[in-house]
Trainee: 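Mind having a look at this structure? Questions to follow.
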Amino acid sequence: MVGKKKLSIDLVIPVYNEAEVIGHTHTRLLSAITNLNRELCIIYVNDGSTDNTLHVLEELSTKDKRVKILSLSRNFGHQAALTAGMDAATGEAVITLDGDGQHPPEMIPQMIDLLEQGYDIVQTQRMDEAVPASFKKWASATFYRLMNILSGTQVVPGSADFRALSRDAVNALKSMPEYHRFLRGMVSWIGYKSVILPYQPADRILGQTKYSFRKRLRLAMDAIFSFSLVPLYIGISLGALMICLALLEMLYVLSFWVTGQTSNLAPGWSSLMFVVLIVGGLLMAMVGFIGIYVGFIFQEVKRRPVYLIKKGEHNEGG
Ligand code: UDP
Ligand code: MG
């Protein structure tokens with residue numbers, strides 16, 4: 001057996017207008033990683049902050065050479081900021097966490113330990129049983145249920161953008177250049193050896209959520225529409241249903257003819273009904289066919305890799 005290797009680590013922390021809280025987060029982070037004893041880099045991604053965030057970050061980086069700042073040209077959103085940070089990371093492992101103290105940095109050593117045991121993805125899961133019922137909690141639970149029904153990619157309910165990734169997993173994510181990004185889904189899509197680590201969410205130390213209702217809704221739409229083609233296939237299913245109804249109606253009308261009760265049929269009803277159902281069905285089916293082509297085009301333009309290789313397996317055998 002080879003001795004446990006010590007991975008070099010990059011921490012990626014996206015921040016948007018977090019000037020008041022970033023100092024607290026940083027101090028807590030430093031004490032959590034103080035005994036780690038390995039090559040480490042802290043990448044703060046300033047997502048177009050309009051407050052004092054950049055200034056605070058610059059102070060942190062003059063005091064500590066391990067702190068790097070990546071400033072985006074405007075506010076691109078949390079998922080884009082995380083992507084920028086992961087693209088800039090060069091370490092053998094990358095850990096992403098929020099800058100508002102809601103993701104406990106005390107878990108980092110355990111996450112690294114799991115990576116060093118051979119896991120590629122250490123995904124954390126928010127345990128919010130203790131959190132009182134609220135609209136946000138209900139919306140989150142409903143979203144994950146819908147997402148998991150509609151798409152072939154299963155996402156753990158309550159999974160957060162607080163995770164540790166091996167270099168292989170980071171490279172796999174980097175091979176997915178899609179514009180609408182839902183990292184929790186993408187991380188599940190790439191596969192690899194993963195483990196789930198539950199945590200109790202803490203309250204934000206200071207400041208307010210930077211995720212407006214609009215931003216949250218957009219993330220949910222990105223997630224559903226970039227991981228599911230089901231909405232596009234509704235047309236073809238409705239078309240098939242209407243054509244079936246037309247056939248049923250035909251049988252129904254025929255039954256009157258067979259039993260000689262045609263006088264009970266209102267004049268014009270049969271033909272009118274048939275035309276309505278068949279034309280409606282054909283139109284729906286045509287829309288459905290277009291939907292299928294649009295779905296194919298959508299999958300092509302995302303340029304996701306057709307497969308990913310789990311590196312290292314051959315080496316171990318040989
Ligand atoms: N964030 C960001 N860009 C945005 C919105 C949020 O970089 O457009 C950062 C934010 O500074 C924080 C993290 O993403 O570090 C999570 O955001 P927040 O805590 O506001 O979300 P919540 O915890 O309320 O879901
Ligand atoms: Mg937060």
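Ligands are counted one by one from 1 in listed order, and the atoms in each one are counted from 1 as well. Being a predicted model, the structure only gives us computed values, none of them experimental.
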Trainee: For Arg38, is there an ion pair with Glu92 - N to carboxylate O distance below 4.0 angstrom?
Mentor: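 Salt bridge: no.
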Trainee: Select all protein residues for which some heavy-atom-to-ligand 1 distance is less than 4.0 Å, and list them by chain and number.
Mentor: Pro14, Val15, Tyr16, Glu18, Asp47, Asn75, Gly77, His78, Asp98, Gly99, Asp100, Gln102, Lys136, Arg204, Thr209, Lys210, Tyr211, Lys215, Arg216
Trainee: Have a look around the Mg ion (ligand 2) and list protein N/O/S atoms under 2.8 Å, or say none.
Mentor: Asp100 OD2, Gln102 OE1
Trainee: Applying salt bridge (charged side-chain N to carboxylate O under 4.0 Å, His left out), name anything that partners Arg216, two or more places apart in sequence or on another chain.
Mentor: none
Trainee: I need the single residue from Arg304, Lys302, Arg303 that forms a salt bridge (charged side-chain N to carboxylate O under 4.0 Å, His left out) with Glu178. Which is it?
Mentor: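 With Glu178 as partner, Arg304, Lys302, Arg303 yield a single salt bridge (charged side-chain N to carboxylate O under 4.0 Å, His left out), made by Arg304.
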Trainee: Using a 6.0 Å distance limit plus a 45 degree cone around the ring axis, check whether Arg145 lies over the aromatic ring of Phe143.
Mentor: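 Output no; distance or angle outside limits.
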Trainee: Among residues at least two apart in sequence or on other chains, which ones pass side-chain hydrogen bond (donor to acceptor under 3.5 Å, both in side chains) with Lys210?
Mentor: Glu18
Trainee: With the threshold set at 4.0 Å, does a side-chain nitrogen-carboxylate oxygen contact exist between Arg28 and Glu106?
Mentor: yes
Trainee: Using 30° and 60° as the class boundaries, would you call the ring planes of Phe182 and Phe227 parallel, tilted or perpendicular?
Mentor: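 Perpendicular: the ring planes of Phe182 and Phe227 meet at over 60°.
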Trainee: Would you call the rings of Tyr199 and Phe162 parallel, tilted or perpendicular, taking 30° and 60° as the class edges?
Mentor: perpendicular
Trainee: Do the side chains of Arg181 and Asp222 get close enough for a salt bridge, i.e. N-O under 4.0 angstrom?
Mentor: no
